[in-house]
Amino acid sequence: GASGARTALVFFQKLLYTECMCFVIPLQITATHGTTATLENALTADIGALESCSVGDYVIVTSGIAVLKVDALDAKAMRSQIKETYDELS
């Protein structure tokens with residue numbers, strides 16, 4: 001919900017504005033095959049560590065492993081913030 005989206009944005013802003021090497025973007029699952037998911041842009045990830053992932057869900061992936069399932073509203077808010085920040089920096 002709205003408070004979750006705010007929490008996600010605060011997390012993203014802290015992550016973006018600290019001296020870290022990378023940040024993550026929530027990706028949507030487009031297909032599942034056992035413990036492997038196909039994500040947007042034909043990327044794949046192991047979803048075995050997460051409970052009940054399905055097509056349409058958003059996940060955070062690092063090193064090919066989905067480590068966090070993200071609520072759709074939170075994922076869209078994070079992606080919007082990423083785009084805004086990218087546009088400001090370009």
Side-chain angles (χ1 to χ4, degrees):
S3 78
R6 281 192 296 276
T7 300
L9 288 176
V10 168
F11 171 76
F12 170 72
Q13 288 168 339
K14 286 180 181 177
L15 186 61
L16 181 64
Y17 296 111
T18 60
E19 293 184 31
C20 65
M21 295 181 65
C22 64
F23 63 92
V24 294
I25 300 170
L27 298 171
Q28 190 172 35
I29 296 174
T30 58
T32 59
H33 319 279
T35 60
T36 301
T38 302
L39 310 169
E40 299 174 71
N41 301 324
L43 299 171
T44 59
D46 182 333
I47 56 172
L50 300 178
E51 290 186 27
S52 67
C53 286
S54 58
V55 172
D57 288 342
Y58 287 85
V59 292
I60 300 294
V61 177
T62 184
S63 301
I65 300 169
V67 294
L68 180 67
K69 188 171 160 182
V70 181
D71 175 80
L73 290 176
D74 293 343
K76 290 174 184 175
M78 290 173 71
R79 290 167 66 125
S80 176
Q81 183 66 43
I82 292 167
K83 183 180 180 334
E84 268 183 46
T85 303
Y86 175 79
D87 291 346
E88 287 174 13
L89 296 174
S90 323

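Source: prediction; values computed, not measured. Values reported hereafter were calculated over all heavy atoms of this structure, with side chains retained and with hydrogens, waters and symmetry mates removed. The first residue of the sequence shown is numbered 1, and numbering continues consecutively from there.
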J.: Which heavy atom of V55 sits nearest to which heavy atom of A31, and what is that distance?
T.: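 Scanning both residues completely, I find the closest heavy atoms to be CG2-CA, 3.7 Å.
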J.: Using the test side chain to side chain contact (heavy atoms under 4.5 Å, CB included), find all partners of L39 that sit at least two apart in sequence or belong to another chain.
T.: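 Expected list: L27, I29, A37, L43, A45, V59, V61.
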J.: Within the distance-only criterion (no hydrogens, no angle test), does the side chain of T85 pair as donor or acceptor with the backbone N or O of Q81 below 3.5 angstrom?
T.: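 Yes.
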J.: Output yes when a side-chain donor or acceptor of T30 lies under 3.5 Å from a complementary backbone atom of T38, and no otherwise.
T.: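 Side chain of T30 to backbone of T38, a donor-acceptor pair under 3.5 Å: yes, one is there.
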J.: Given 3.5 Å as the limit, does a donor-acceptor pair link the side chain of Q28 with the main chain of D57, or not?
T.: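 Absent.
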J.: Checking the side chain of R79 only, and the main-chain atoms of P26 only, is there a donor and an acceptor separated by less than 3.5 Å?
T.: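 At least one qualifying donor-acceptor pair exists.
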J.: Do M78 and Y58 come close enough that some side-chain heavy atom pair is under 4.5 Å?
T.: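 No. Closest side-chain heavy atoms not under 4.5 Å.
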J.: Tell me whether L50 shares a hydrophobic cluster with V70, the cluster being built from Ile, Leu, Val, Met, Phe, Trp, Tyr side chains joined at under 4.5 Å.
T.: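 Looking at the clustering, V70 is in a separate group from L50.
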J.: Is it true that, when you exclude K69 itself, more than 12 heavy atoms of the residues, nucleotides or ligands shown sit nearer than 6.0 Å to its NZ?
T.: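 Atom NZ in K69 is crowded, with more than 12 foreign heavy atoms closer than 6.0 Å.
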J.: Atom CD1 of I47 and atom OG1 of T32: how far apart are they, to the nearest 0.5 Å?
T.: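 Spacing of CD1 (I47) from OG1 (T32) equals 5.5 Å.
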J.: First locate atom OG1 of T35, then atom CD1 of I65, and finally report the distance between them rounded to the nearest 0.5 Å.
T.: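 Going from OG1 on T35 over to CD1 on I65, the span is 10.5 Å.
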